[in-house]
There are 2 protein chains.
Amino acid sequence: MGLVKIQDVARHAGVSAATVSRVLNGRATVNPELAARVLAAVRELGYRPNGVARNLRRRQTTLWAVLVSDVGNPFFTSLVRGVEDGARQSGYSVVLCNTDENRAREAEYIAVALADNMAGVIISPADDSTDLSALVAAGTAVVTIDRELAGTEVDAVLVDNEKGAELAAAHLLASGYRRIACITGPRRMSTAMQRLRGYQRALRAFGVPLDRALVRHADFREAGGYSAMAALLDEGVEMDAVFAANNLMTVGAVECLTERRVPIPERVGVIGFDDIPWARLFRPGLSTVRQPTYELGRAAARLLADRIENPARPAARMVLQTELHPRESSHPRPH
Amino acid sequence: MGLVKIQDVARHAGVSAATVSRVLNGRATVNPELAARVLAAVRELGYRPNGVARNLRRRQTTLWAVLVSDVGNPFFTSLVRGVEDGARQSGYSVVLCNTDENRAREAEYIAVALADNMAGVIISPADDSTDLSALVAAGTAVVTIDRELAGTEVDAVLVDNEKGAELAAAHLLASGYRRIACITGPRRMSTAMQRLRGYQRALRAFGVPLDRALVRHADFREAGGYSAMAALLDEGVEMDAVFAANNLMTVGAVECLTERRVPIPERVGVIGFDDIPWARLFRPGLSTVRQPTYELGRAAARLLADRIENPARPAARMVLQTELHPRESSHPRPH
DNA sequence: CATTTCTGAGAAATCGATTGCTCGCTTCGC
DNA sequence: GCGAAGCGAGCAATCGATTTCTCAGAAATG
């Protein structure tokens with residue numbers, strides 16, 4: 001039981017509590033003979049320092065808060081796993097915070113991180129107006145993931161969204177598709193706009209005219225992808241392929257097409273931004289642009305650990321690259 | 001910044017720190033006029049109580065540790081999400097601990113939970129020899145999930161594995177399959193054995209002879225499912241269907257069959273225990289027995305919160321039921 | 001050999017809240 | 001009208017470690 005405290009160890013070893021602390025933390029030199037007695041006492045009594053007391057005194061905990069919209073989204077699942085691995089390696093534990101893109105929930109968790117003196121926060125901001133100033137003011141280390149916040153000088157780990165989207169669209173174009181729809185996210189999300197830009201750049205590079213009727217803004221969720229796809233079909237927009245700007249919307253779009261018996265890729269080719277676990281087992285195998293989600297988490301963890309050690313360093317900005325995974329849903333079409 | 005403390009508030013409101021504390025915690029009656037002054041001071045100064053100090057004094061934190069083998073496994077992803085929702089509702093935060101079924105890692109996290117005075121632990125034990133005695137001795141609330149530990153009097157949230165497996169096997173039998181292989185987990189895991197028993201019970205109920213050559217023990221992972229399937233094929237065991245005892249092994253088995261161009265379900269029918277997100281989009285749509293993973297997490301959270309409030313209550317044991325989701329991989333065969 | 005510097009260990013302050021105890025004042029009962 | 005009971009608020013102890021301060025004794029210096 002946690003009822004043995006540092007005083008008990010001190011008494012048992014015939015030294016002062018200060019000495020026990022010094023031995024355990026290796027802060028100062030201690031007579032080896034005393035140190036041995038202390039360690040023996042620690043072992044005999046099964047002493048385990050009280051972390052809360054230590055945290056109070058040190059004014060620092062070994063906790064990180066990780067704020068994501070939903071661990072259930074495979075993108076974040078793998079990212080969170082990456083963060084956790086990195087955290088453990090540096091001696092931190094990870095508090096999981098699902099915000100559901102809800103500003104209030106997000107603010108609540110930031111308040112908790114502050115109140116509990118957490119050592120750092122890794123956050124994928126709900127939208128571009130998320131307020132990190134309280135954290136920054138309190139000197140809490142912060143790393144943003146996936147999204148960058150204008151006007152906030154914090155570390156950021158990003159993905160080259162524009163390039164990735166360009167990769168996806170270019171792949172469809174190279175496969176012979178010409179009327180490519182784009183289902184992207186909300187206008188107020190920088191990632192949605194970046195992916196849209198990448199799509200447009202690829203079209204321009206191939207000399208294919210942009211058609212605003214082919215571009216839809218949805219909510220980055222399954223239902224959003226589904227209804228955007230449905231709208232495109234219902235409106236009879238001429239279209240031979242679709243690029244969906246995240247994993248869930250891709251699933252939604254595919255479900256809509258499947259339900260309406262639109263053959264993929266014969267009638268409509270499909271490619272999605274961001275991978276889905278076991279996408280290769282889908283019918284048809286889903287072409288995707290993979291984001292290095294696990295590595296994103298690892299990188300964020302590295303940055304955060306580093307910033308905690310070195311609070312003065314100027315804000316860093318890491319941009320990771322995506323990777324094209326062509327599968328059957330975007331098979332080349334004869335033209 | 002977190003530099004305003006209770007003394008500052010007290011001074012500002014012209015009262016003692018004790019009174020501020022009482023107002024904020026609503027423990028005792030305080031003159032309404034004073035209370036108003038305190039609240040005003042709190043607001044003006046932007047005071048936020050230091051959680052660490054409070055935790056030290058109260059000898060209790062608002063943290064739960066959740067130990068699972070891997071959030072990346074969809075089973076745990078959804079379960080963890082359930083726990084987190086429940087935790088938030090009760091005012092707790094969740095520390096995510098991935099053990100990778102590694103005893104040392106598990107022990108390490110238990111030590112952290114103890115050192116940091118966490119209010120409770122929800123754990124899916126690595127195997128049946130996981131030692132929770134330190135937690136129990138320290139009076140930490142514990143709930144086990146998915147697995148039950150013999151000889152430990154703690155709350156448990158379980159799934160009716162035997163019944164679920166029976167459901168799966170019976171479904172195959174009812175669809176006309178007769179030579180059904182079973183790829184289950186390691187012998188030392190109770191869940192693996194329960195699912196095996198359910199499979200056997202269904203066979204007996206249908207008067208189909210048990211054949212030990214059809215039963216394989218793998219590691220509950222993708223690679224394990226793959227090689228068990230490969231072995232079955234290589235050995236030329238007569239077989240017209242396979243029941244895989246968890247989600248990852250099902251995927252492995254399907255991959256093996258697909259790779260070797262064994263048509264599912266024409267040549268070999270497939271059903272898996274535990275669902276996979278978007279299994280309906282697989283080729284072929286994967287039949288599964290779904291576990292209520294999210295609800296498992298919610299239930300565990302409820303039990304834990306309740307036990308923290310009521311430490312003396314006798315250990316509870318909740319058993320949730322599974323649900324058959326037949327899809328194409330187990331289509332009825334003409335016989 | 002006297003004086004200064006260095007070392008290492010203990011005593012006590014500290015982190016920032018909560019809470020038991022005390023005490024003055026009011027209210028009530030007889 | 002006086003003592004008992006009740007109430008509300010402050011003082012100070014407490015949670016359990018870390019760290020600053022202090023000081024004795026050893027080592028180094030002149």
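Proteins get letters first, then strands, A, B, ... in listed order; numbering begins at 1 in each. Computation of the quantities below employed the complete heavy-atom set of this structure, encompassing side-chain atoms and omitting hydrogens, waters and symmetry-equivalent molecules.
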Worksheet item: With no hydrogens and no angle check, do the side chains of Tyr109(B) and Asn98(B) hold a donor and an acceptor under 3.5 Å apart?
Response: no

Separation of dA17(C) atom P from Lys5(B) atom NZ, nearest Å, is 8 Å

Exceeds 12 heavy-atom contacts within 6.0 angstrom, atom CZ of Arg105(A): yes

Winner on side-chain proximity to Arg22(A), out of dC21(C), dA17(C), dT20(D), is dT20(D)

May I ask you to evaluate whether Tyr47(A) reaches the phosphate of dA17(D), defined as a side-chain N or O under 4.0 Å from OP1 or OP2? yes

Rounded to whole Å, the CG-P distance (Leu114(B) to dA17(D)) equals 13 Å

- prompt: Is Arg147(B) salt-bridged to Glu101(B), going by a charged N under 4.0 Å from an acidic O?
  reply: yes

Between CZ of Arg57(A) and C1' of dA17(D) the distance, given in whole Å, is 9 Å

Look at Arg59(B) and dT18(C) and indicate whether a side-chain polar atom (N or O) is within less than 4.0 Å of OP1 or OP2. no

From the candidates dA17(D), dG10(D), dC15(D), the one with an atom nearest any side-chain atom of Val15(B) is dG10(D)

Among dT18(C), dG10(C), dG16(C), the one nearest any side-chain atom of Asn25(B) is dT18(C)

request  = Determine: side-chain N/O of Arg54(A) to OP1/OP2 of dT18(D), distance under 4.0 Å, yes or no.
outcome  = yes

Touch class at under 4.0 angstrom, heavy-atom based, for Val20(A) against every strand present: nothing

(request) Considering just the side-chain nitrogens and oxygens of Asn50(B), establish if one lies under 4.0 Å of OP1 or OP2 belonging to dC15(C). (result) no

Side chain to side chain contact (heavy atoms under 4.5 Å, CB included) test vs Ile123(B) passes for just one of Val68(B), Val66(B), Thr144(B), namely Thr144(B)

Indicate whether OP1 or OP2 belonging to dC15(D) is found under 4.0 Å from a side-chain N or O atom of Asn55(B). no

Between Arg88(A) and Glu108(B), does any side-chain N to carboxylate O distance fall below 4.0 Å?
no

Separation of dG16(D) atom P from Leu45(A) atom CG, nearest Å, is 15 Å

Rounded to whole Å, CG of Asn31(B) lies from P of dC25(C) at a distance of 16 Å

(Q) Does dA9(D) have its OP1 or OP2 closer than 4.0 Å to a side-chain nitrogen or oxygen of Thr19(B)? (A) no

Between CG of Leu24(A) and P of dG16(D) the distance, given in whole Å, is 16 Å

| query | Below 4.0 angstrom from OP1 or OP2 of dA17(C), is there any side-chain N or O of Ser21(B)? | reply | no

Arg37(A) atom CZ is separated from dG10(C) atom P, nearest whole Å, by 9 Å

Taking NZ, NE, NH1 and NH2 as the nitrogens, is one of them in Arg302(B) or Asp306(B) under 4.0 Å from a carboxylate oxygen of the other?
no

Rounded to whole Å, the CD-C1' distance (Gln7(A) to dT18(D)) equals 12 Å

Testing dT18(C), dA11(C), dG10(D) for proximity to the side chain of Ser16(B), the answer is dG10(D)

By nearest-heavy-atom nucleotide on DNA chain D, the more 5' of Ala53(B) and Val30(B) is Val30(B)

Decide yes or no, distance alone: a donor-acceptor N/O pair under 3.5 angstrom between the base of dG16(C) and the side-chain of Arg58(A). no

Quick note, Ala18(A) side chain, CB onward, closest among dG10(D), dA11(C), dA17(C) is dA11(C)

*When we call it a touch if two heavy atoms are under 4.0 Å apart, what does Val52(A) touch: a base, just sugar-phosphate, or nothing?*
nothing

